[in-house]
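These numbers come from a predicted model, not from an experiment. In what follows, chains are A, B, ... by sequence order, proteins preceding strands, each numbered from 1.
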2 protein chains.
Amino acid sequence: MQTNLAIVPPISGAPNFVGRLQVISTARDVSADALEAIGTVQSVRAGCGLYAEGDAAGYWYRVTSGVLRTCKLLPDGRRQIDDFLFPGDFFGLEARPDHSFAAEAVTGAAVVRYSRTRLDLLAADDVCVSARLLQLTLKQLGKAHERLLLLGRKTAGEKLASFLLEMLDRSPALDSIDLPMSRTDIADYLGLTIETVSRTFSSLKQNEVVALPNAQRVIILDRDALEELTGDE
Amino acid sequence: MQTNLAIVPPISGAPNFVGRLQVISTARDVSADALEAIGTVQSVRAGCGLYAEGDAAGYWYRVTSGVLRTCKLLPDGRRQIDDFLFPGDFFGLEARPDHSFAAEAVTGAAVVRYSRTRLDLLAADDVCVSARLLQLTLKQLGKAHERLLLLGRKTAGEKLASFLLEMLDRSPALDSIDLPMSRTDIADYLGLTIETVSRTFSSLKQNEVVALPNAQRVIILDRDALEELTGDE
DNA sequence: CGTTTAATTGACCAGTATCAACAGGAGTGG
DNA sequence: CCACTCCTGTTGATACTGGTCAATTAAACG
C-alpha cells in the first residue's frame with residue numbers, strides 16, 4: 001500500500017523504529033510558543049512503531065501529518081486498537097513511567113515530540129500549559145468512554161456505522177472518506193474480525209447506504225440512514 | 001438488599017436525587033487543604049442518581065463511603081457501566097460543560113463535591129492542584145484503555161476473571177470479596193448478559209477456583225488459576 | 001504478466017444472547 | 001410462626017450473531 005513497505009518490515013509484533021529530528025517553532029501565544037520550543041520533529045514510516053508497550057514514556061507527541069494507531073496486545077496475539085491518531089491529535093502522555101500501549105504508524109507520518117520532563121517543568125511553571133494538558137486528557141477520556149459503550153453494547157452494524165461517521169468527521173470531504181487503515185485495523189478497533197467488517201461493509205453497500213469504489217474509498221450515499229444505524233438515536 | 005430500597009425507587013432510568021450538605025476540611029498539605037476547603041459532603045441512597053447524563057457538570061466528586069457507578073445508556077435501554085467508584089475514587093470531571101454519563105449509588109454512599117468553577121480557580125492558582133488533577137485523569141484514562149481491551153477482545157470467562165481480580169484488589173480482605181453490586185451491574189460493566197455472568201460464576205465454582213456462599217460473597221480458592229483465566233498472562 | 005498480499009464471499013461452528021422455568025431469600029401480612 | 005409475594009439469581013433449551021476455516025477475487029508490486 002505504501003512505497004516503503006518493502007524496505008522495512010511492517011509487522012506489528014516487532015515494529016522498526018525510524019526517526020529523524022529537527023527543531024521547529026510555530027508560535028501562537030506565550031504558552032504555545034514555550035511548548036513548541038521544546039518540540040522536535042520525527043517521521044515514521046508506514047507500519048513502523050514509534051514506541052512499544054512497556055517502553056519508557058519519555059515523550060509526548062503531536063501528529064503533524066499521516067495517521068498512527070495506539071494499541072494493546074494480549075499474550076496470544078489478540079489486539080485492541082485504542083485510537084487512530086490524525087494530524088493535530090496528541091498522544092503518549094501517561095500516568096505511569098512507561099507506555100501501557102504501543103504507537104505505530106498506519107501511513108507514513110510525522111510527529112512532533114516533547115520531552116516529558118521538560119513538559120512537566122513547563123506545566124509546573126505555566127498554568128496555561130497544565131490547563132491545556134488537562135483539557136486534552138479529559139477529551140481523550142470522554143472519547144474512551146464513548147468507545148466503552150461501543151465495544152460493550154453495540155452490534156457489528158452499529159459499530160461500523162459509528163466508525164464511518166467518526167472517520168467522516170475527520171475527513172476533509174463532507175460525504176466521502178479515504179480510509180487510511182486496513183480492514184484488520186478496523187476490526188481491531190471495533191472488536192470484530194476482518195470477515196465481519198467486510199461483510200458489514202458489503203451489507204451497507206447492498207442497502208445503498210454507502211458506495212465502495214475500492215477498499216479504501218467510502219462514499220456516503222445516505223448519512224441519515226448511517227446515523228440511524230449507529231444505535232445512538 | 002438495602003433497607004431503604006423500599007422508600008425510594010431504585011430504577012436506573014429515572015433516579016431520585018437525595019442529598020444533604022455540610023462543610024468539611026481535612027488538611028494534609030497546602031493544596032490538599034485548599035481543595036478540602038471548597039468541598040461539601042453529600043450522601044446518596046442506594047439506587048439513587050447523583051446526576052444524569054446531560055446534566056450540567058458543575059461539580060467534581062470524591063467518594064468517602066459506599067460504592068457508586070457511572071454509566072451510559074443507548075436509547076433502546078442497553079447500558080454500559082463505565083466504572084465502579086469506591087472510597088477514595090474521584091469522578092465527574094469532564095471536558096464538556098455537561099456530564100456524558102450518569103452517576104448513581106450502588107449502595108448507600110457519601111461523596112465530597114467540589115465546585116468545578118472553584119476547582120478551576122484553585123488549579124489556575126496552584127500548580128500542585130492542576131498537576132494532581134492531571135495525574136488522576138491520566139490514571140483514569142489508563143484504566144479506560146485497559147477496559148477497551150477487555151470489552152473488545154476478551155471472552156466472558158476472561159472478563160469475569162479480570163473483574164474478580166480487580167474487585168479483590170479493592171477488597172479489604174486478601175482472598176475474599178463482598179460484591180456490592182448486582183449481577184445486572186456486573187453484566188453491564190463487562191458487556192455481557194446477567195445469564196452469562198451467572199453461568200460463568202457457576203463454572204468458576206465448579207472448577208473450584210472460587211467458592212460462592214451466597215450471591216454477594218466470593219471466596220478466592222485459587223488466585224493463580226484466576227490470573228491464568230484473565231487472558232493477560 | 002506472474003507473484004504476493006489484502007479483501008471478499010461462502011459454509012459451517014461456537015460463544016453468547018434470548019426466552020422461559022425454577023429456586024432461594026427477604027419482607028409482608030395473617 | 002407460617003404462607004405468600006416479590007425480587008434476584010440460577011439453570012435449561014434454543015436461537016442467532018459473529019467467529020472460524022477455506023476458497024475466490026481483486027489489487028499492488030516487481
**Student:** Rounded to the nearest angstrom, tell me the gap between atom CD1 in A:Ile186 and atom P in C:dA7.
**Tutor:**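 Rounding to the nearest Å, CD1 of A:Ile186 and P of C:dA7 are 8 Å apart.
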**Student:** Given the structure, check if the side chain of A:Arg183 and the base of C:dT5 hold any donor-acceptor pair shorter than 3.5 Å.
**Tutor:**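 Looking at the base of C:dT5, it does not pair with any donor or acceptor on the side chain of A:Arg183 (distance under 3.5 Å).
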**Student:** Could you check which of C:dT16, C:dT18, D:dA22 has an atom nearest any side-chain atom of B:Glu195?
**Tutor:**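 Side chain of B:Glu195 sits closest to C:dT18.
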**Student:** Is it true that B:Arg116 and B:Glu94 have a side-chain N and a carboxylate O under 4.0 angstrom from each other?
**Tutor:**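 So B:Arg116 does not pair with B:Glu94 through a salt bridge.
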**Student:** From the list C:dT8, C:dA17, D:dT11, which nucleotide is the closest neighbour of the side chain of B:Leu192?
**Tutor:**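 The closest nucleotide is C:dA17.
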**Student:** Give a yes or no answer on whether the side chain of A:Gln80 reaches the backbone of A:Asp188 with a donor-acceptor pair at less than 3.5 Å.
**Tutor:**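 Yes, because the side chain of A:Gln80 sits within donor-acceptor range (under 3.5 Å) of the backbone of A:Asp188.
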**Student:** Figure out the CG/C1' separation between B:Leu160 and C:dT16, and round it to whole Å.
**Tutor:**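 One finds 14 Å between C1' of C:dT16 and CG of B:Leu160, rounded.
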**Student:** Does the ring of B:Phe91 carry B:Arg69 above it, NZ/CZ under 6.0 angstrom from centre and within 45° of its axis?
**Tutor:**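 Relative to the ring axis of B:Phe91, which defines the angle, B:Arg69 lies outside at least one limit.
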**Student:** Considering only heavy atoms and no angle criterion, is a donor-acceptor pair shorter than 3.5 Å present between the side chain of A:Arg153 and the base of C:dT16?
**Tutor:**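 Answer no: no donor N or O sits under 3.5 Å from an acceptor.
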**Student:** Can you tell me the distance, in whole Å, between the CZ atom of A:Arg79 and the C1' atom of D:dG19?
**Tutor:**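 Those two atoms, CZ and C1', are 17 Å apart.
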**Student:** For D:dT10, does OP1 or OP2 lie under 4.0 Å from any side-chain N or O of B:Ser198?
**Tutor:**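 Answer is yes, contact under 4.0 Å.
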**Student:** Could you tell me whether the side chain of A:Lys154 and the main chain of A:Thr230 form a donor-acceptor pair under 3.5 Å?
**Tutor:**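 Yes.
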**Student:** Check the phosphate of D:dT11 against B:Ser202, side-chain N and O only, distance under 4.0 Å to OP1 or OP2. Yes or no?
**Tutor:**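 It does, given that an N or O in the side chain of B:Ser202 lies less than 4.0 Å from OP1 or OP2 of D:dT11.
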**Student:** In whole angstrom, give the distance that lies between atom CG of B:Leu179 and atom P of D:dT8.
**Tutor:**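 Rounded to whole Å, this separation is 16 Å.
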**Student:** Using whole Å, what does the distance between atom P of nucleotide D:dT11 and atom CG of B:Leu204 come to?
**Tutor:**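 So the CG-P distance, B:Leu204 to D:dT11, works out to 12 Å.
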**Student:** If you measure only the distance, is there a donor-acceptor pair under 3.5 Å linking the side chains of B:Ser203 and B:Thr200?
**Tutor:**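 Result is no, nothing qualifies.
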**Student:** Is a donor-acceptor contact shorter than 3.5 angstrom present between the side chain of B:Arg199 and the base of D:dG12?
**Tutor:**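 Counting by modelled atom types and ignoring angles, a donor-acceptor contact under 3.5 Å is found here.
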**Student:** Starting at atom CE of A:Met181, determine the distance to atom P of C:dA6, rounded to an integer number of angstrom.
**Tutor:**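 Rounded to whole Å, this separation is 16 Å.
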**Student:** Please report the distance, rounded to the nearest Å, between CD in A:Gln206 and C1' in C:dG10.
**Tutor:**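 So the CD-C1' distance, A:Gln206 to C:dG10, works out to 15 Å.
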**Student:** Reckon B:Gly191 touches a base, only the sugar-phosphate, or nothing at all at heavy-atom distances under 4.0 Å?
**Tutor:**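 The residue B:Gly191 makes sugar-phosphate contact but no base contact.
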**Student:** Which sits closer to the 5' end of DNA chain D, A:Asn214 or B:Lys205, going by the nucleotide each is nearest to?
**Tutor:**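 Mapping each residue to its closest nucleotide by heavy atoms, the 5'-most match is B:Lys205.
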**Student:** What's the closest nucleotide to the A:Gln216 side chain, out of D:dG9, D:dA28, D:dG18?
**Tutor:**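 Of the candidates, D:dA28 comes closest.
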**Student:** Could you pick out which residue, A:Ile194 or B:Thr193, lies toward the 5' side of DNA chain C when each is mapped onto its nearest nucleotide?
**Tutor:**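 In this pair, the answer is A:Ile194.
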**Student:** From CZ of A:Phe201 over to C1' of C:dA6, roughly how many Å is that when rounded to an integer?
**Tutor:**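 A:Phe201 atom CZ is separated from C:dA6 atom C1' by 14 Å.
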**Student:** Does B:Thr196 have a side-chain nitrogen or oxygen under 4.0 Å from the phosphate oxygens OP1 or OP2 of C:dT16?
**Tutor:**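 Answer no for this pair, as no side-chain N or O of B:Thr196 is under 4.0 Å from OP1 or OP2.
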